[in-house]
Amino acid sequence: MLDRRFVADNVDLVTANCRQRGSSADVGRFAELDRLRRQMQADVDRLNHEAGLVSKSIAKAADAAEREARKAEGRRLREEVTAIDGRLAEIAGESEEILRAIPNLTHPDAPLGGEDAAVEVRRGATPIPTFDFKPLDHVDIGGRLSLFDFDAGAKVAGHGFYFLTNEAVLLELALQKYAVDLLMREGFTVMTTPDLARDTILEGTGFMPRGPETQIYSITGSDLSLVATAEITLGGAMHERIFEAEELPLKLCGISHCFRTEAGAHGRATRGLYRVHQFTKVEMFAYTLPEQSEAMHLQLLDLECRLFDGLGIPYRVIDTASGDLGGPAYRKFDLEAWMPGRGTAGEWGEVTSTSNCTDYQARRLGVRYRKAGEKGTSFAHTLNGTAVAISRAIVAILENYQQADGSVRVPEALVAWVGKDTITR
RNA sequence: GGAUGGGUGGCAGAGCGGUUGAAUGCACCGGUCUUGAAAACCGGCAGUCGCGAAAGCGGCUCGUGGGUUCAAAUCCCACCCCAUCCGCCA
């Protein structure tokens, strides 16, 4: 969330930003409530102060009569406070609700508009492949090569679940190792992470468990939910943490399963592995000083590009438009891989993305830093980026590396771990 | 799942109804001393909200939420979390 004071002092700016973000948060109402809240708080403060003085005077009251009179006075003051407090809590609650719905500010270079306004800012090193045969989509390729079992997945857990089989398993493992190796060399601390998290942690990271439109699976009878991304756990790991400035930037890499209900997404690109309820992901996460976050964002983007260049998969980088940024992101880049089997003649499909959330997430998570010589603490910046989302990476590999005879070449970078250079049957 | 113990400032750790927002130690910052450093000594050091140009003043905060009281870190109730041991288990 944004700083409440900042919002109250910049109503026009924040309102305009909401409009560009497609958010209907009522900033004006917030400002009004906040003004009221402050005024009432001042009243409460004053009454509390008086009551405090009265309390102190009781301890050294001269006689019993004096003491009783003072007690009555104290009681009266406290009652007055209680009365105001009730209304104050209501007002604070409503204003807080609005505040939490207000999206982050937007990077001045981010394109304005909806999904269509996104701007292509970069192309990968690998050219779009041409085929002298009709390329198949990954479902057909995998079907011929026995690389997954969607029927079994549906039987066991329902539509959207799957078993990877044979070389697809090796690809999953190879992709993880490939990404982790690079990130370790780049100074990331690698970790596997819990696949469940408390709802408070989800909320702190900006996810909403258990709402009517939630994308999150929750565990009945507990306050745990399955994570939608390791961003949740990597962000939560530093909940309430105060860094020394020298500790930043801190680069983490987390491997987790990701679970998404994909409510409302049925009918669109639901075939195969592209949109599934569970997949494995290697996620990058960074905590930085405010002045470091922009450079870190480009660094994360660069790593994503290197990973996909290394895999030999064609892609383009999109500077996501304001209306498509979601709540926490200040700026977001998506990598869209070329998927020859999609649509009639191939289409771009999102494979990774990286967001700079500035202090938006950190404020709710309470992640701060302290600088020597500076008073107090400030909120850190957080960034996240996908290194590899395994299921979508597999889609891109199968479709780009397919051959006329139905076999699939293994990307050079993965051969060592897959143990072969071609997948055949 | 069962049984204990515990949640207090950056950390460790006292306090167990009234100048306690909180002893003490460590860490940290400033100073004295020193050629420099260390040690020693002296001083400073919680967060947050509100008012204020600032100095400053005031409120709230001792896991969370309720309750008792003029007054709660301290008493009562509920809940959450953590640790250890036992059981079960990859």
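So you know, we letter chains A, B, ... as the sequences are listed, proteins then strands, and number each from 1.
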- Euclidean distance for C1', B/rA71 against B/rG18 (whole angstrom): 7 Å
- Query: Distance-only, no hydrogens or angles: does the A/Asp26 side chain make a donor-acceptor pair with backbone N or O of A/Ile98 under 3.5 Å?
  - Reply: no
- Task: Please determine if A/Asp151 and A/Lys155 form a salt bridge, counting it only when a charged side-chain N lies under 4.0 Å from a carboxylate O.
- Result: no
- Query: So what's B/rG47 paired with, Watson-Crick or G-U wobble, going by both distances under 3.5 Å?
  - Reply: B/rC60
- With distance as the sole criterion, is a donor-acceptor pair present between the side chains of A/Gln20 and A/Thr106 under 3.5 Å? no
- Task: Would you indicate, yes or no, if B/rA46 has its OP1 or OP2 atom less than 4.0 angstrom from a side-chain nitrogen or oxygen of A/Arg368?
- Result: no
- Message: Which heavy atom of A/Met284 sits nearest to which heavy atom of A/Thr386, and what is that distance?
- Response: CE-O, 3.7 Å
- Task: Provide, to the nearest angstrom, the distance between the CG atom belonging to A/Asn48 and the P atom belonging to B/rA72.
- Result: 10 Å
- Using purine N1 to pyrimidine N3 plus N6-O4 or O6-N4 for Watson-Crick, or N1-O2 and O6-N3 for G-U wobble, each under 3.5 Å, what pairs with B/rC41? B/rG31
- Query: Using the P atom in both, what is the distance from B/rU74 to B/rG17, to the nearest Å?
  - Reply: 11 Å
- Message: What's A/Arg46 touching, base or sugar-phosphate or nothing? Going by heavy atoms closer than 4.0 Å.
- Response: nothing
- May I ask you to verify if any side-chain N or O of A/His49 is less than 4.0 angstrom from the OP1 or OP2 atom of B/rG59? yes
- What is the distance, rounded to the nearest whole Å, between atom CZ of A/Arg4 and atom C1' of B/rU48? 12 Å
- Item | Distance in angstrom units between A/Ile84 CD1 and B/rC60 P, rounded | 13 Å
- Query: On a whole-Å scale, what distance lies between the C1' atoms belonging to B/rU20 and B/rA78?
  - Reply: 27 Å
- Quick one, which residues of residues 36-45 of chain A touch RNA chain B with a heavy atom under 4.0 Å? A/Arg38, A/Asp45
- What integer number of Å spans the P atoms of B/rC75 and B/rG2? 27 Å
- Task: Could you tell me which nucleotide pairs with B/rG52 by Watson-Crick or G-U wobble geometry, both distances under 3.5 Å, or answer none if nothing does?
- Result: none
- A/Glu79 has an atom CD; how far is it from atom C1' of B/rA71, in whole Å? 15 Å
- Item | First of A/Ile242 and A/Asp3 reached from the 5' end of RNA chain B, by closest nucleotide | A/Ile242
- Task: With C1' as the reference atom in both, quote the distance from B/rC62 to B/rA14 in angstrom, rounded to an integer.
- Result: 12 Å
- Query: So, does A/Gln176 use its side chain to make a donor-acceptor pair with the main chain of A/Leu173 at under 3.5 Å?
  - Reply: no
- Item | A/Arg392 to A/Tyr274 six-membered ring, cation-pi geometry met (6.0 Å, 45°) | yes
- Task: Quick one: classify the glycosidic conformation of B/rU32 as syn or anti, with syn meaning within 90° of 0.
- Result: anti
- Once you round it to whole Å, what is the distance between C1' of B/rC51 and CZ of A/Arg35? 17 Å
- Task: Send over the distance from A/Asp223 CG to B/rC80 C1', rounded to a whole Å.
- Result: 9 Å
- Distance, nearest 0.5 Å, that separates CE of A/Met184 from CG of A/Leu182: 11.5 Å
- Item | Pairing of A/Asp181 and A/Arg185 as salt bridge, 4.0 angstrom limit | no
- Item | Pairwise C1' distance for B/rG25 and B/rU8, with rounding to whole Å | 15 Å
Below 3.5 Å between N/O atoms, which protein atoms pair up with nucleotides 66-70 of chain B? Just atom names and distances, please.
from, atom 1, to, atom 2, distance (Å)
B/rC70, OP1, A/Arg75, NH1, 2.8
B/rC70, O4', A/Lys71, O, 3.3
B/rC70, O2', A/Ser55, OG, 3.3

- Does the side chain of A/Glu231 come under 3.5 Å of the side chain of A/Gln361 through a donor N or O and an acceptor N or O? yes
- Task: For A/Phe379 and B/rG47, give me the distance from atom CZ to atom P, rounded to whole Å.
- Result: 13 Å
- Query: So A/His297 and A/Glu294, side chain to side chain contact (heavy atoms under 4.5 Å, CB included) or not? Walk me through it.
  - Reply: CA-CA 5 Å; A/His297 195 202; A/Glu294 196 134 343; 5.6 Å; no
- Query: Using the C1' atom in both, what is the distance from B/rA23 to B/rG9, to the nearest Å?
  - Reply: 13 Å
- Message: Just to be sure I understand the rule, does A/Arg241 reach a base, reach only the sugar-phosphate, or reach nothing, if contact means heavy atoms closer than 4.0 Å?
- Response: nothing
- Task: For nucleotides B/rA27 and B/rC70, find the distance between their P atoms and express it as a whole number of Å.
- Result: 46 Å
- Query: Do we see a donor-acceptor contact under 3.5 Å between the side chains of A/Ser293 and A/Asn356?
  - Reply: yes
- Task: Using atom CZ of A/Arg363 as one end and atom P of B/rC49 as the other, report the distance to the nearest whole Å.
- Result: 10 Å
- Query: For B/rG25, what is the paired nucleotide under Watson-Crick or G-U wobble rules, both distances under 3.5 Å?
  - Reply: B/rC11
- What does B/rA3 pair with, Watson-Crick or G-U, if both distances are under 3.5 Å? B/rU84
